[in-house]
Every structure is written in structure tokens, then in C-alpha cells.
Amino acid sequence: MLPPLFNFPKSHLQCYGESVYCSGSDLLSRCSRTDSSLDRFISVLAWSISTIRPLAFGVAPYNPILGETHHVSTGSLNVLLEQVSHHPPVSALHATDEKESLEIIWSQHAIPKFHGASVETDVRGKRQLKLLSRGETYEMNSPKLLIRFLPVPGAHWVGNVRIRCQESGLETQLRLGANSFLGLRGNSRSIKGNIYETSTMKTLAEVNGQWDRIVKVKDINNGKETVIYDAKEVYSGLKTPIVKDLEGVWPSESAAVWSELSQAILSKDWDKAREAKKDVEENQRELLREKESRGEAWVPKHFTATYTKDGDWECSPIQSLVPPAPIVVPP
């Protein structure tokens, strides 16, 4: 169990959700507003980059308990997450926006590999963004998480990201770069790649930049460069969600589950923090023991979760629409 001293006061489930609903620029709603399939693809690419957030080294969010939920609304977008498995940890996300005719279905299953002075985590799980009014589904994956302890400590997003839309026949292969082992060369937040036609492999545009700063797309035909992503617009003006309907907050909500621990960490009362964290984890174990003694299996409330033959998890939402949440991001 990680000591509370090395936690920051937030559940990993909440951090996962924030990458979707917490943004100073509404890149998501722009995705379906243009008639050009290439422009829509570029808009989806820009939004996908916005879900990659800088990492803090040396502290970590709480590991979500089984059945923990996070339910937040921002504008017309309603987002719901649930921890559908604890061993191994699997998180599921469903978001719908009836006004913009959007749907997001994600799952996340982290598999760490230890390499002496570093840990590389393969973040598996299907990620889909559906532009319902356009009849398009965009499938994408997450980059890997690399944590280095020596010689230069740090946390980085690295590896390959693929975004593909079968309906438009477009896809991109992106490469997120990391510094060299000694930290002397390279850029830990660089992103490069191409947008091309799947059937012909013809390159249409080049992608280049830094995902925490500026990312540009260069049209191969005319050489024109366009800024498609500005991290300052995404990170600035972020607003803390507020409770709009206290009675509507579920007991499984992340903020409710971890409230005592978070308050103790913020006040730096480490004895109280250790007790609060122990209580949450003991309550979880007791609940599972009771179910086991009755011969009952734990079943997610909001998703169906199945383990596939290729060693991955498929998470599908039970409801077609996510209802408005009692917790909202102020306009």
C-alpha cells in the first residue's frame, strides 16, 4: 500500500475522467462541425492530443476501489466512469452529448513492466469516439507511460498512437518521444506522424510538434502549415467541478469514497490520512469477503466487462445515454 505521503488527493478514476471533460478549449464539439472528412479527422486528432496530460513524478493518485464511480457533466456532455475490476485494475468510461451527437466509449487496463531503473506501463483498452451525425467511429489507443528513476527521474508519455476511421478511410500513426537515457538528447514531449489514406497508404499531411505546447499539421499538397493544437488554450481557465445536487451524488462517487483521506492529505495530517486510507481498503475487502461467503460474484452496475482471448478487456455501457450528473463543471 502506497503511503498517503506519496498520494495526491484525487482518485485515478477522476484523473482519467478529467482528461475528457476538463479542458479550457472545447475541442470535442468541433469534431463533427465540418463537412470535410479530412478536417474532421484533424479535429479528432487535436482532441485526442488534448487528452494527454503532463505527469507529476513522485506522487500518484489513489487506486480506485471496485465499483467506484465518477459522474460529471460539462455543458451538454455527460461523463460516467466505473472501476469494473480491481485485480487487475480496469476502468471504463462512457460519455454522451445529445446536442453535438457524440459518444465516447473507453476502457483502460494498465500492465506495468519493470526494467531495473524504470517502469514501462502498457495502457491497453479500446478507445472510441463516435460522431453519430456523421456515421463515423474513430478508434485510438493510449501511449505508454514510462517512469524513470535513474539517472534522471521523470515520468513520460511515449510510444505509438494510432487513430483510425474506417468510414472515411483515414488514419494516422503518431510517435511520442522521450529524452535519451541520460536526459541529454531528445524531447520528452515531442509528437510526430503522418495522416494517410488507409487503402492507398498515400500521405496527406504531416504532424509535428510538442503535445504540451503547439502541434502543427502540414498539407503535403501545398506545404501549408496549420496550428491544430495549442496546449495553453486547453490548460488555461480550467474550472473545478462543483456539486449541484448533493442528494444525487452516489456513495460510490470518487470524491465521496476518498473524502476523509483527501482532507487529511490537504491538511498534512498524515496519521489521519493513514487511518482513512486503511479504512477505505478494509471496507472494500470486507465487502468482497461477504459476497464470497454468499457465493456471489461482483457485477458492475453501469458496464458489461468481459476478458477477451487476446488478453484485453471489453467494456460496454449498459445504458445508451449517460444521464446529467449531480456534479458539474461551471460554465
Side-chain angles (χ1 to χ4, degrees), residues 15-16 19-20 27 31 38 40-55 88 90-91 93 104-115 117-129 136-148 154-181 183 185-218 220 228-229 231 234 308 310-315:
C15 296
Y16 186 29
S19 68
V20 170
L27 295 175
C31 292
L38 178 57
R40 287 196 300 275
F41 191 93
I42 291 172
S43 294
V44 170
L45 167 59
W47 172 76
S48 178
I49 294 171
S50 77
T51 66
I52 304 171
R53 302 297 170 92
L55 299 162
V90 181
S91 306
L93 179 150
I104 304 168
I105 302 174
W106 281 8
S107 62
Q108 180 166 291
H109 173 210
I111 302 177
K113 293 181 181 179
F114 296 87
H115 303 284
S118 67
V119 179
E120 185 177 81
T121 300
D122 187 7
V123 185
R124 296 185 182 179
K126 183 182 289 186
R127 296 186 171 198
Q128 292 183 330
L129 168 61
E136 294 176 340
T137 297
Y138 296 78
E139 294 193 352
M140 58 201 74
N141 65 291
S142 169
K144 294 181 180 181
L145 171 59
L146 175 64
I147 298 176
R148 284 181 177 153
H156 314 275
W157 291 112
V158 299
N160 298 320
V161 173
R162 180 191 185 201
I163 304 173
R164 180 173 181 264
C165 178
Q166 185 174 353
E167 291 79 12
S168 67
L170 298 174
E171 67 179 277
T172 183
Q173 292 277 1
L174 303 171
R175 176 72 180 175
L176 277 71
N179 288 335
S180 65
F181 181 71
R185 301 188 310 277
N187 187 329
S188 63
R189 294 176 177 177
S190 67
I191 184 168
K192 293 183 178 182
N194 295 321
I195 300 172
Y196 55 91
E197 295 176 345
T198 303
S199 59
T200 64
M201 300 299 290
K202 178 185 176 183
T203 299
L204 303 177
E206 296 175 346
V207 182
N208 191 26
Q210 295 170 268
W211 58 261
D212 66 329
R213 297 184 188 180
I214 296 289
V215 179
K216 297 180 180 180
V217 162
K218 180 180 179 180
I220 291 297
I228 64 163
Y229 178 77
V234 173
T308 64
D310 58 356
D312 213 339
W313 286 76
E314 287 280 353
C315 299

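Computed from a predicted structure; not experimentally measured.
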Open item on the list: A quick test of your reading: do over 12 heavy atoms of other residues, nucleotides or ligands sit less than 6.0 Å from CD of Gln166?
Closed with: no
Task: Lys/Arg-Asp/Glu bridge criterion (N-O < 4.0 Å) met for Glu171, Arg162 - done: yes
Open item on the list: Please give me the minimum heavy-atom distance between Asn160 and Asn141, naming the atom from each residue.
Closed with: O-ND2, 3.0 Å
- [ ] Could you tell me which non-hydrogen atom of Pro112 sits nearest to which non-hydrogen atom of Val119, and how far apart they are?
- [x] CB-CG1, 4.0 Å
- [ ] Indicate yes or no: at least one non-hydrogen side-chain atom of Asn194 is less than 4.5 angstrom from one of Thr172.
- [x] no
Open item on the list: So Phe41 and Ile195, do their side chains get closer than 4.5 Å, heavy atoms only?
Closed with: yes
TODO: Can you label the angle between the Trp313 ring and the His109 ring as parallel, tilted or perpendicular, going by 30° and 60°?
DONE: perpendicular
Task: Side chain proximity check, Leu93 to Gln108, heavy atoms < 4.5 angstrom - done: no
Open item on the list: Distance check, rounded to the nearest 0.5 Å: Ile52 atom CD1 versus Trp211 atom CH2?
Closed with: 6.5 Å
TODO: Would you check if Asp212 and Trp157 make a side-chain contact, meaning some heavy-atom pair closer than 4.5 Å?
DONE: no
Open item on the list: Please identify which of these residues, Leu45, Leu27, Ile214, meets the side-chain contact (heavy atoms from CB on, under 4.5 Å) condition with Ile228.
Closed with: Leu45
Open item on the list: Taking the side chain as everything from C-beta on, heavy atoms only, tell me whether Val161 gets closer than 4.5 Å to Leu176.
Closed with: yes
TODO: Kindly compute the distance separating OG (Ser107) from NZ (Lys126), expressed to the nearest 0.5 Å.
DONE: 8.0 Å
Task: Tyr16 to Arg127 - nearest heavy-atom pair and separation - done: CE1-NH2, 3.9 Å
Open item on the list: Give me the atom names and distance for the closest heavy-atom approach of Ile105 to Cys315.
Closed with: CG2-O, 3.8 Å
- [ ] Output all residues satisfying side chain to side chain donor-acceptor pair (under 3.5 Å) with Asp122, sequence neighbours left out; order by chain, then residue number.
- [x] Arg124
Open item on the list: Any non-hydrogen side-chain atom of Glu139 less than 4.5 Å from a side-chain atom of Ile163?
Closed with: no
What pairs of donor and acceptor atoms, side-chain ones from residues 200-209 against any protein atom, are under 3.5 angstrom apart with sequence neighbours left out?
| residue | atom | partner | partner atom | Å |
| --- | --- | --- | --- | --- |
| Thr200 | OG1 | Glu197 | OE1 | 2.7 |
| Thr200 | OG1 | Lys202 | N | 3.2 |

Open item on the list: Please determine whether side-chain contact (heavy atoms from CB on, under 4.5 Å) holds for the pair Phe114 and Glu120, giving the CA-CA distance in whole Å, both sets of side-chain angles, and the decisive distance to 0.1 Å.
Closed with: CA-CA 7 Å; Phe114 296 87; Glu120 185 177 81; over 6 Å; no
Task: Taking every non-hydrogen atom, the tightest pair across Ser48 and Met140 - done: OG-SD, 3.8 Å
Task: Nearest-0.5 Å distance, CG of residue Leu170 to OG of residue Ser199 - done: 9.0 Å
Open item on the list: With heavy-atom distances below 4.5 Å as the criterion, would you say the side chains of Leu129 and Thr137 are in contact?
Closed with: no
Open item on the list: Working to the nearest 0.5 angstrom, can you tell me the gap between Lys192 NZ and Gln210 CD?
Closed with: 10.0 Å
Open item on the list: Is there a side-chain contact between Ile104 and Trp47 in this structure, where contact means two heavy atoms from C-beta onward sitting under 4.5 Å apart?
Closed with: yes
Open item on the list: For a quick test of reading the model, state the closest non-hydrogen atom pair linking Tyr138 to Arg40 and the distance between them.
Closed with: OH-CB, 3.7 Å
